[in-house]
Amino acid sequence: MKRTKILAIALAMACLLAGCWQEEPLEEPEDVLPPFEEEKPEGEKELALPERFALPYMPGRTLDPVDCPDGMQQVAGSLLYEGLFRLDGNFEPQPCLCISYTHDETAVRYTFDLRPGVQFSDGTPLTGRDIKAVLERARASERYRSRLEGISSISAGGDSVTISLSSPNTALPALLDVPIVKSGEENSGVPVGTGPYFYAEEETGAYLISNQSWWKGGGQPVDRIALVEAADSAAMLYRFSSHEVQLITADLTGLQAVSTTGSVGCVDAKTSVLQYIGCNTARAPLDQPALRRALSAGIDRANVANAFLSGHGSPAAFPVPPSSALYPVELEEGYSLDHFAEALRLSGYSAERPLVLLVNEENSFKLAIANHLAERWSAGGVTVEVRALPWEEYAAALIAGDFDLYYGETRLSADWDLRSLLEPYGSLNYGHWSDPDTSRLLAEYAAAEDRTAAMRALCARLKEQAPILPVCFKSASVLTQTGTVEGLAPTAAEPFYALSECIIHLKEETE
């Protein structure tokens, strides 16, 4: 595990780990924590290990994964519940409660076979009825509605589930990491799950205890995990800083930078959160693809990710993460000022007015990136002025089309369905992009058995037309008290993804 002294850690708790991904047409500001400074003492001191391992949680708030609040509840829930599939660090679905599946020739009807012998932590067997009940609730939930909107019906047998889609999707398993709970317990506050731990309470408080009937047969790093009450994000940070809890999750490039005291370890997890420049393709001069291509050539993506996001992001020239096997590396072109200048010359662009780049002013990271890009483009011959707006005004301007460019962010689903960004009816298509070839390639990608080839064809069209200019995919971070947790390999949804390889060091008891 990487151990580092973290200065000015950006702990905006809005994008905490262990949640499901959903598309968010607009990113609304959320509460942030007040800043304070870290001062690590001179010289290394012997690490003080805790007597117990503890996580924060919000008392009185549900742990039901369909309805629970984002953040700390989801971290605890990731140890209680499992889905049909898990997404690994490269967003590939790995079978979990599902052992195999088939689909018809059109990829609109899937049958998933459940793993035999799986029990809930109370000893009752997992059935298709439990899967169906959760997925039906998830389809109607705020958290999962967007990613599951392509499902038209769900039916269940004793050891299988059948899902029918309204249109083909050969990547449906990537959407089915929805955590499963025992049906009939949705309103209990802490429904029973199949995961490595289960929830319990005693006079001293709530805790998680290892599930001895877990289908994987063990591998939990500790038998018991304490749950320490934290009513809100500020309380969570206080619990972490005072070493009452040993692990929290955070977006380090969120709305406001703060820092923490002491020695802290940080491990990043890749996310599906895309940051990009949107172009108003319905307004001159950005109705010309050659100019849009030139602007794309003028983005030093590696510099943005490293210098402005402090490495908490992966540069990307296409709207699919570079860590994914679908990413078309062969289509990438390296950044250079000469390449930008030549692309601009070939575009025939003649400056008539400054271009307006909108950005949400509440996020200092996005504002800094927007200013940087505007300076680079302006220096190269395309005058760009940044207009930083409060969230409500920013959102209204996007909807009204009152912009030339905007700095956007959205959380993509792990099947990399880009229709919301690129189809004429798409909820994120603020730039009014409409192109029959793009629509055709989107449909072919959704139905393709060879998704790598289909994504390459789609990205080749996007490179040529450049309706959006991808910049990077953000990372999220797991913060730990140094020396306590070893071997973390978090994913966007699971801080403890490699649970059996995780080692938790506690203070040894003395007689």
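For this chain, numbers begin at 1 and follow the sequence in order. These numbers come from the heavy atoms of this one structure, side chains and all, not from hydrogens, waters or symmetry mates. In this text, all values refer to a predicted model and were calculated from it rather than measured experimentally.
- Taking the ring centroids of Trp416 and Phe91, they lie under the 6.0 Å cut-off.
- A donor-acceptor pair shorter than 3.5 Å can be found between the side chains of Ser100 and Asp113.
- Classified by interplanar angle (parallel below 30°, tilted 30° to 60°, perpendicular above 60°), the ring pair Phe85/Phe112 is perpendicular.
- Under a 3.5 Å cut-off, the side chain of Glu342 and the backbone N or O of His339 do not form any donor-acceptor pair.
- In this structure, the separation between CD on Gln465 and CG on Leu462 is 9.0 Å, given to the nearest 0.5 Å.
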**Request:** Go through Ile163 and Leu176 one step at a time and tell me if the side chain to side chain contact (heavy atoms under 4.5 Å, CB included) criterion holds.
**Result:** CA-CA 11 Å; Ile163 297 177; Leu176 298 180; 4.0 Å; yes

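- Under the 3.5 Å distance criterion, the side-chain polar atoms of Thr410 are left unmatched by any main-chain donor or acceptor of Leu412.
- The side chain to side chain donor-acceptor pair (under 3.5 Å) with His312 is formed by just one residue from the set Asp268, Thr253, Asn306; it is Asp268.
- Under a 4.0 Å N-O distance rule, the pair Arg353/Asp404 qualifies as a salt bridge.
- Within the 3.5 Å criterion, the main-chain N or O of Thr438 finds no donor-acceptor partner in the side chain of Arg461.
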**Request:** Walk me through it: do Tyr276 and Tyr406 pass the test ring pair (Phe, Tyr, Trp, His ring centres under 6.0 Å)?
**Result:** CA-CA 8 Å; Tyr276 65 99; Tyr406 69 92; 5.7 Å; yes

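- Side-chain atoms of Asn280 come within 3.5 Å of backbone atoms of Gly401 as a donor-acceptor pair (strictly under, hydrogens ignored).
- Summarising the geometry, atom CD belonging to Gln74 is positioned 12.5 Å from atom CG belonging to Leu80; distances are rounded to the nearest 0.5 Å.
- Cys96 and Arg115 make their closest contact through O-NE, 2.6 Å (heavy atoms, listed as atom of the first residue, atom of the second, distance).
- Side chain of Glu385 to backbone of Leu355: no donor-acceptor contact under 3.5 angstrom is found.
- Checking Asp338 against Ser336 by side-chain atom types alone, no donor-acceptor pair falls below 3.5 Å.
- When ring centroids are compared, Tyr394 and Phe403 stay outside the 6.0 Å threshold.
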**Request:** For the pair Gln275 and Glu409, evaluate side-chain hydrogen bond (donor to acceptor under 3.5 Å, both in side chains) and give the outcome as yes or no after the intermediate values.
**Result:** CA-CA 4 Å; Gln275 292 193 350; Glu409 176 177 306; 2.8 Å; yes

**Request:** Run the numbers on Gln288 and Ser347 for side-chain hydrogen bond (donor to acceptor under 3.5 Å, both in side chains), then give the verdict.
**Result:** CA-CA 8 Å; Gln288 299 301 311; Ser347 74; over 6 Å; no

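- When only modelled atom types and interatomic distance are considered, Arg301 and Tyr335 share no side-chain donor-acceptor pair under 3.5 Å.
- Using a 3.5 Å distance cut-off with no hydrogens or angles, the side chains of Glu332 and Tyr327 do pair a donor with an acceptor.
- For Asn363 (side chain) and Gly254 (main-chain N/O), a donor-acceptor pair under 3.5 Å exists by modelled atom type.
- With respect to Asp67 and Arg137, a salt bridge is recorded, a charged nitrogen being found less than 4.0 Å from a carboxylate O.
- Although no hydrogens or angles enter the test, the distance criterion places a donor-acceptor pair under 3.5 Å between the side chain of Thr482 and the main chain of Val264.
- The closest side-chain donor-acceptor pair between Arg419 and Ser427, if any, does not fall under 3.5 angstrom.
- The two atoms that bring Thr491 and Gly89 nearest to each other are CG2-N, 3.8 Å, heavy atoms only.
- Here the CD1 atom belonging to Ile180 is positioned 5.0 Å from the CG atom belonging to Leu135, to the nearest 0.5 angstrom.
- Annotation: ring-ring contact (aromatic ring centres under 6.0 Å, His included) contacts of Tyr497 (sequence neighbours excluded): none.
- Under 4.0 Å is where a charged nitrogen must lie from a carboxylate oxygen, and between Arg143 and Asp70 at least one such pair does.
- If you take OG on Ser78 and CD on Gln73, they are separated by 11.5 Å, rounding to the nearest 0.5 Å.
- With Pro354 as the partner, the side chain to side chain contact (heavy atoms under 4.5 Å, CB included) test is satisfied by one option alone out of Val384, Thr383, Val382: Thr383.
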**Item:** Chi angles and distances behind the side-chain hydrogen bond (donor to acceptor under 3.5 Å, both in side chains) call for Arg411, Thr271
**Value:** CA-CA 8 Å; Arg411 194 186 310 275; Thr271 78; 5.5 Å; no

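- Residues Asn90 and Glu92 bring no donor and acceptor atom of their side chains to less than 3.5 Å of each other.
- When only modelled atom types and interatomic distance are considered, Gln246 and Thr480 share no side-chain donor-acceptor pair under 3.5 Å.
- At distances below 3.5 Å, not a single donor-acceptor pair connects side-chain atoms of Ser324 with backbone N or O atoms of Pro321.
- When all heavy atoms are compared, the tightest approach of Ala282 to His432 is CB-CB, 4.0 Å.
- A donor-acceptor distance shorter than 3.5 angstrom exists from the side chain of Glu362 to the backbone of Trp391, with no hydrogens or angles considered.
- Ion pair Glu82/Arg86 not flagged as a salt bridge, since none of the NZ, NE, NH1 or NH2 atoms sits closer than 4.0 Å to an Asp/Glu carboxylate oxygen.
- The existence of a salt bridge linking Lys270 and Asp88 is excluded, since no basic side-chain nitrogen approaches an acidic carboxylate oxygen closer than 4.0 Å.
- Side chain of Asp300 to backbone of Val304: no donor-acceptor contact under 3.5 angstrom is found.
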**Request:** Output, in order, the C-alpha distance, side-chain angles, deciding distance and verdict of side-chain hydrogen bond (donor to acceptor under 3.5 Å, both in side chains) for Tyr445 and Arg451.
**Result:** CA-CA 6 Å; Tyr445 166 71; Arg451 294 179 67 84; 2.7 Å; yes

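- Between Arg456 and Glu330 a salt bridge is recorded (basic side-chain N to carboxylate O distance below 4.0 Å).
- Ionic pairing of Glu464 and Arg293 is not present here: no N-O contact between side-chain nitrogen and carboxylate oxygen is shorter than 4.0 angstrom.
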